[in-house]
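One structure below.
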Amino acid sequence: MTRFTKVFILFVLALGMIAVFGVSAQAENVLRVGMNAPVTLDPALHSNDPETALNRAIYDYLVEVLPDATIGGNLASDWTLSDDSLTYTFTLVQGVTFHDGSELTSADVVYTFNRLKEVSSPALSLLGEFEVSASDDYTVVFTLPAVNADFLYGVAARQALIISEGEDAPNVLGEGDASFENFNGTGPFILTQFDPGARAVLTANANYWNGAPALSGLEFIYIDDAVAQVDALLSGEVDFIFKVPIAQTERIDTADGVSVIQVATSQHPVIRLRTDEGFAGSDPLVLQAFKYATDREALNDILLQGRGTVGNNDPIAPVFEFFFDDTVENQTYDPARACELLTEAGLGTYEGTLYAPNAFEYADLAQVLQQQWSAACINVNIEVVEEGLYYDFSNPNNYFEVELGITGWGDRPSPQILLRQAYVAAGIETGFNESRFSDPEVEALVDEASRTTDDEARRAIYAQISQIFLERGPIIIPYFAPLFGGLRDSVQGLTMAPFPGLTDFRTVSISG
């Protein structure tokens, strides 16, 4: 063997070692996230966290909801509002390109928002009525027929991700080399592999307009069981999980190399009675009785280890600090008073079935409520329904139809969103107002708040709404729950969003 041959062999071996270590280093710079599998992939129609997470990585928003619930710029560098609050003008960042290399212009934004109308996107519940146009290649103008004080939250709605003009099949899988050509966003990551129900692999977009991500890639690993997700975190199979059940947090807290993330949110379960004619909840005395029959402090202690926040029995959560009215004197636990009210209402004793989804701690919540209510002349059987079936309208005992039920409501960045969706008559038609609550005074106040851009004035409106809910509201909110996640200590720069699918991975990195 000549000296040249020996040197050549050593050189080849060295290259091999560099390749091996290079692959290893790259793999270590891929963030692996465990979550449930997405179902609806269309950016305009998706709704849950896994679907949002996938789309958030591939696409960008015009403006976005930040973790503190404020609005920040994204593809729009700035925006202005006309004096009459009816015209919003957005200026686009220039030099932004889609993954296929085409440039982003205002035509793409106009196409995106018109498509939201065409496919009846859930984003329309926030956007309301609008017309959108382009005054030049980098200026987009929205014109409203009436003031909508939450319009920016509509522009930043989870489904308002910007797609390219003319894309009529976004996120539809193709074949062969064209498998992912319909996943064409401007976002920080590019989809390179998708195995439905198993995983999605994304590579960092080196040409990302806002600077290449610190990560070399993302891997979403689909694990539908929450306990199995925790197992995967503890075993090192994944680096981050969200929506951890509180019963599983101790496992993470006591393990090495991982930690629990806790984020205050407006997420909450609603215990509600139907208030339409023929149902017990149509009598305000019955609604009052249920409130006196419920020990909310005890529910928070038992079910959330005291980590939740007990607010008022209305959707204006304490996390909305400026709008939350902490002077409301809510009903205290008084079983005797509950019995008196039920007698006054002509019932004497309420007999019925309490329905709950098999999600979070809601089945346990139903059990504790059954015990509390039994001392307050309220006797219920419990029916726990698989979550997907519970929210499926084809099931005759779905959440919307039952007389007495528990419904889970995820985080919203504004109380107005919850009020408009679930506590006005229009929400009955859309399937969100499951209590069928329709109060003329509340209707007028919610409409006034929609047109009120002054925060002090809106705060006064919400205070009136809280008082009405105190007296005749159809719901009990036992607590506003924090969101729990689990994270490996090697992950840096990750801030879990209150709606965790919106977590921004652009500045995340992995150390060591």
Side-chain angles (χ1 to χ4, degrees), residues 42-49 51-81 85 87-93 96 104 106 108-117 119 121-132 139-144 147-163 170 185-188 209-210 263 265-267 319-320 323 410-421 449-450 453 455 458 495-507:
D42 190 317
L45 299 174
H46 76 271
S47 61
N48 65 26
D49 289 292
E51 297 163 356
T52 302
L54 180 66
N55 281 308
R56 176 77 171 85
I58 298 170
Y59 299 90
D60 285 308
Y61 294 97
L62 191 58
V63 296
E64 59 187 335
V65 179
L66 302 177
D68 64 358
T70 60
I71 298 292
N74 196 202
L75 291 175
S77 58
D78 57 75
W79 57 94
T80 59
L81 177 61
S85 298
T87 304
Y88 290 77
T89 303
F90 294 84
T91 302
L92 301 184
V93 176
V96 177
L104 169 81
S106 53
D108 301 303
V109 178
V110 171
Y111 177 81
T112 293
F113 281 89
N114 280 332
R115 183 175 183 270
L116 295 179
K117 294 181 182 181
V119 300
S121 170
L124 298 179
S125 65
L126 301 178
L127 286 163
E129 295 184 21
F130 67 91
E131 296 297 329
V132 59
T139 306
V140 178
V141 179
F142 290 88
T143 305
L144 282 57
V147 175
N148 177 356
D150 287 288
F151 182 71
L152 281 178
Y153 285 108
V155 177
R158 297 194 302 275
Q159 300 84 8
L161 296 139
I162 306 304
I163 64 176
T186 63
W209 60 271
N210 201 22
V263 178
T265 76
S266 61
Q267 173 183 303
V319 74
F320 305 123
F323 295 126
D411 183 81
R412 301 294 193 276
S414 164
Q416 186 69 8
I417 298 170
L418 290 160
L419 290 166
R420 286 175 57 182
Q421 287 183 329
S450 291
T453 57
D455 282 347
R458 185 180 267 202
T495 300
M496 185 171 66
F499 190 92
L502 287 173
T503 298
D504 189 351
F505 297 117
R506 287 175 291 188
T507 58

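All residue numbers refer to positions in the sequence shown, counting from 1.
In this structure, Thr143 contributes its side chain and Thr87 its backbone to no donor-acceptor pair below 3.5 Å. In this structure, the side chain of Arg56 does not engage the main chain of Gly501 through any donor-acceptor pair within 3.5 Å. With Asn148 contributing its side chain and Leu126 its backbone, the two residues share a donor-acceptor pair below 3.5 Å. Between the side chain of His46 and the backbone N or O of Ala53 there is no donor-acceptor pair closer than 3.5 Å. For Asp411 (side chain) and Ser266 (main-chain N/O), a donor-acceptor pair under 3.5 Å exists by modelled atom type. Side chain of Thr112 to main chain of Ile163: a donor-acceptor pair is present (N/O by atom type, distance under 3.5 Å, no hydrogens or angles). In this structure, the side chain of Arg420 does not engage the main chain of Leu418 through any donor-acceptor pair within 3.5 Å. No donor-acceptor pair closer than 3.5 Å links the side chain of Gln159 to the backbone N or O of Ser47. Put simply, the side chain of Ser77 gets close to the backbone of Thr91: a donor and an acceptor are under 3.5 Å apart.
Distance CG/Asn210 to CG/Asn74: 7.5 Å, rounded to 0.5 Å. Put simply, CD on Glu64 and CZ on Arg158 are 14.5 Å apart, with the number rounded to the nearest 0.5 Å. With rounding to the nearest 0.5 angstrom, the CD1 atom of Ile71 is 9.5 Å from the OG atom of Ser414. Separating the CZ atom in Phe90 from the CG atom in Leu62 is a distance of 5.5 Å, to the nearest 0.5 Å. Atom CG of Leu144 sits about 9.5 Å away from atom OG of Ser85, to the nearest 0.5 Å.
Here the closest heavy-atom approach between residue Leu127 and residue Leu116 is recorded as CD1-CD1, 3.9 Å. Of all heavy-atom pairs spanning Ser121 and Leu45, the tightest one is CA-CD2, 4.2 Å. When all heavy atoms of Pro122 and Ala44 are compared, the closest pair comes out as CD-O, 3.5 Å. Here the shortest heavy-atom pairing between Phe323 and Pro415 reads CD1-CG, 4.2 Å. In this structure, Tyr153 and Val65 approach most closely via the heavy-atom pair CD2-CG2, 4.0 Å. The two residues Ala160 and Gly154 make their nearest non-hydrogen contact at CB-O, 4.0 Å.
Checked against Leu104 for a side chain to side chain contact (heavy atoms under 4.5 Å, CB included), the options Val93, Ile162, Asp60 give a single hit: Ile162.
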(Q) What verdict does the side chain to side chain contact (heavy atoms under 4.5 Å, CB included) test give for Leu502 and Tyr61, after you've listed the backbone C-alpha separation in whole Å, the side-chain angles of each residue and the deciding distance to 0.1 Å? (A) CA-CA 11 Å; Leu502 287 173; Tyr61 294 97; 3.6 Å; yes
Q. Passes side chain to side chain contact (heavy atoms under 4.5 Å, CB included), Val155 versus Trp79? Steps please.
A. CA-CA 12 Å; Val155 177; Trp79 57 94; over 6 Å; no
Q. Please walk me through it: do Tyr88 and Phe130 pass ring-ring contact (aromatic ring centres under 6.0 Å, His included)?
A. CA-CA 10 Å; Tyr88 290 77; Phe130 67 91; over 10 Å; no
Q.
Show, in sequence, the C-alpha distance, side-chain angles and deciding distance for Thr89 and Thr139, and conclude whether the side chain to side chain contact (heavy atoms under 4.5 Å, CB included) test is met.
A. CA-CA 7 Å; Thr89 303; Thr139 306; 3.6 Å; yes
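Residues Arg412 and Leu419 are not in side-chain contact: their nearest non-hydrogen atoms beyond the backbone lie 4.5 Å or more apart. In this structure, Val132 and Val140 have side chains that are in contact, with non-hydrogen atoms separated by less than 4.5 Å. Using a 4.5 Å heavy-atom cutoff, the side chains of Pro498 and Gln267 are not in contact.
Applying the side chain to side chain contact (heavy atoms under 4.5 Å, CB included) criterion to Asn48, with sequence neighbours excluded, gives Pro50, Glu51. For Arg458, the salt bridge (charged side-chain N to carboxylate O under 4.0 Å, His left out) criterion is met by Asp150, not counting sequence neighbours.
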